[in-house]
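Note that the structure is a prediction, hence the values are computed from the model and not measured. All ligand and atom numbering here is 1-based and tracks the order in the structure. Throughout, residue positions are numbered sequentially from 1 according to the sequence presented.
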Amino acid sequence: MARKMLIAGNWKMNCLTADGTTLAKEIARQVKENKFDCEFLVCPPFTLLAMVKKCLRGAKVALGAQDVHFADKGAHTGDISPYMLADLGCKYVIIGHSERRTDHGESNELIEKKVVAAHNVGLTTVICIGETLEERENGRTIQVCQNEIFGSVPEDATAKNTVIAYEPIWAIGTGKTPTAADVEEVHAAVRKALAKKLGRSTAEKIRILYGGSVKPSNAKEFLALPDVDGALIGGASLKADDFIEIAKNAPKLK
Ligand code: PGA
């Protein structure tokens, strides 16, 4: 089963109305003007979702959020429900990013609850996993990533509603990256864990993105790897030209 590449931008806590509008419009313009073999996703902060949705009109770029609460509605001050995201036109939501795991103490159990809630309203989840530098140095990378898969991916997850993003924590925003061989080893192990949990046929269809200091100069090497089905891009997604340049390196299908 062929997997279509997904090029996803995680804007994190960046952009106000003015620069967010400019960025979204420029991405939309370039996506419309060029022919791409991949799918696009942008995940702005909650405050810009509605505005970015408007800016993307007519361009094949999906809208996603960066987090979600597991409850449908109710007394959860400051939180955003899956229904609210769907109502705004979101198709995707990033869940369990390492910055959420660290800043907000999110556990695999909580992440799984959020994933289930998001799936229930038809959102596709981008579930993030990845090891710390200490875990890597102790040779625990594969074990940590597989445990995160077992703990945070629900048993009924499908290739349609689930994307995995492998992001080594030490590579996020640092300019450091694992070698291509290291990335392929982890992605293959993640697919193996998915096969154990969801069955081989589903695992073969699920997209596994690489994230962590992806930029135009290293995109080709990572995107060419057999088990890498796209990229989750932080810093470089804030520059339309870089984001688009990365997408130009995406092969047609895996
Ligand atoms: P980075 O972030 O591309 O800035 O390293 C990736 C991410 O955290 O999703």
Side-chain angles (χ1 to χ4, degrees), residues 5-15 19-20 23-24 27 38-46 48-49 52 61-68 90-106 111 114-115 118 124-133 135-136 141 144-145 148-149 152 162-180 182-183 186-187 190 207-223 225 228-250:
M5 306 286 280
L6 178 65
I7 301 298
N10 174 10
W11 294 10
K12 308 194 180 183
M13 197 170 71
N14 293 296
C15 294
D19 53 338
L23 177 58
I27 290 170
C38 59
E39 289 176 8
F40 284 96
L41 165 65
V42 293
C43 302
F46 292 128
L48 296 182
L49 285 170
V52 168
V61 182
L63 183 70
Q66 300 171 17
D67 180 44
V68 70
C90 286
K91 295 278 180 259
Y92 287 81
V93 57
I94 298 171
I95 299 185
H97 189 283
S98 62
E99 286 150 16
R100 302 276 331 160
R101 291 179 189 256
T102 307
D103 294 356
H104 300 272
E106 293 195 5
I111 290 161
K114 291 182 174 199
V115 171
T124 296
T125 52
V126 179
I127 305 171
C128 300
I129 59 165
E131 83 285 1
T132 62
L133 186 58
E135 286 162 344
R136 171 159 288 260
T141 298
V144 166
C145 292
E148 286 180 335
I149 292 291
S152 57
T162 306
V163 174
I164 306 296
Y166 167 56
E167 302 201 305
I169 295 167
W170 52 274
I172 294 176
T174 60
K176 293 184 193 141
T177 58
T179 64
D182 286 343
V183 171
V186 177
H187 279 232
V190 167
R207 293 184 286 193
I208 307 174
L209 315 183
Y210 169 73
S213 297
V214 176
K215 49 191 176 193
S217 59
N218 62 20
K220 190 170 189 164
E221 191 182 17
F222 291 129
L223 294 175
L225 296 168
V228 173
D229 309 310
L232 181 55
I233 307 149
S237 75
L238 298 172
K239 289 187 193 137
D241 287 348
D242 284 359
F243 185 58
I244 294 295
E245 195 55 39
I246 290 168
K248 287 182 181 162
N249 287 288

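Between the side chain of Glu135 and the backbone N or O of Thr132, at least one donor-acceptor pair lies under 3.5 Å. Thr102 places no side-chain N or O within 3.5 Å of a backbone atom of Glu99 that could act as its donor or acceptor partner. Lys220 places no side-chain N or O within donor-acceptor distance of the main-chain N or O of Asn249, the cut-off being under 3.5 Å. Judged by distance alone, the side chain of Gln66 and the main-chain N or O of Cys43 form a donor-acceptor pair under 3.5 Å.
Atoms of ligand 1 found under 4.0 Å from any heavy atom of Ala171, numbered from 1 in the order shown, are 5 (O). Each of the following atoms of ligand 1 lies closer than 4.0 Å to a heavy atom of Ser213: 1 (P), 3 (O), 5 (O). Close contacts between ligand 1 and Gly235 involve ligand atoms 1 (P), 3 (O), 4 (O) [criterion: under 4.0 Å to a heavy atom]. Residue Gly212 has at least one heavy-atom neighbour below 4.0 Å for each of these atoms of ligand 1: 5 (O). Close contacts of ligand 1 with Gly173, meaning ligand atoms under 4.0 Å from a residue heavy atom, involve 1 (P), 4 (O), 5 (O). Of all atoms in ligand 1, listed by their number and element, those nearer than 4.0 Å to a heavy atom of His97 are 7 (C), 8 (O), 9 (O). Residue contact check: Asn10 has heavy atoms under 4.0 Å from atoms 9 (O) of ligand 1.
Residue Gly234 has at least one nitrogen or oxygen atom sitting less than 3.5 Å from a nitrogen or oxygen atom of ligand 1, judged on distance alone.
The closest approach between any non-hydrogen atom of Lys215 and ligand 1 is not below 4.0 Å. Contact analysis leaves Ala236 out of contact with ligand 1, as no non-hydrogen atom separation drops below 4.0 angstrom. Not a single heavy atom of Ser237 sits under 4.0 Å from any atom of ligand 1.
In terms of protein heavy atoms, atom 9 (O) of ligand 1 is closest to Glu167 OE2, 2.7 Å.
Rounded to the nearest 0.5 angstrom, Ile129 CD1 and Thr141 OG1 are separated by 10.5 Å. A distance of 4.5 Å separates SG in Cys90 from CG in Leu49, rounded to the nearest 0.5 Å.
The aromatic rings of Tyr166 and His187 lie perpendicular to each other, with more than 60° between the two planes, well past the 30° mark.
By the neighbour-count criterion of 12 heavy atoms within 6.0 Å, atom NZ of Lys248 is densely surrounded, having more than that number from other residues, nucleotides or ligands.
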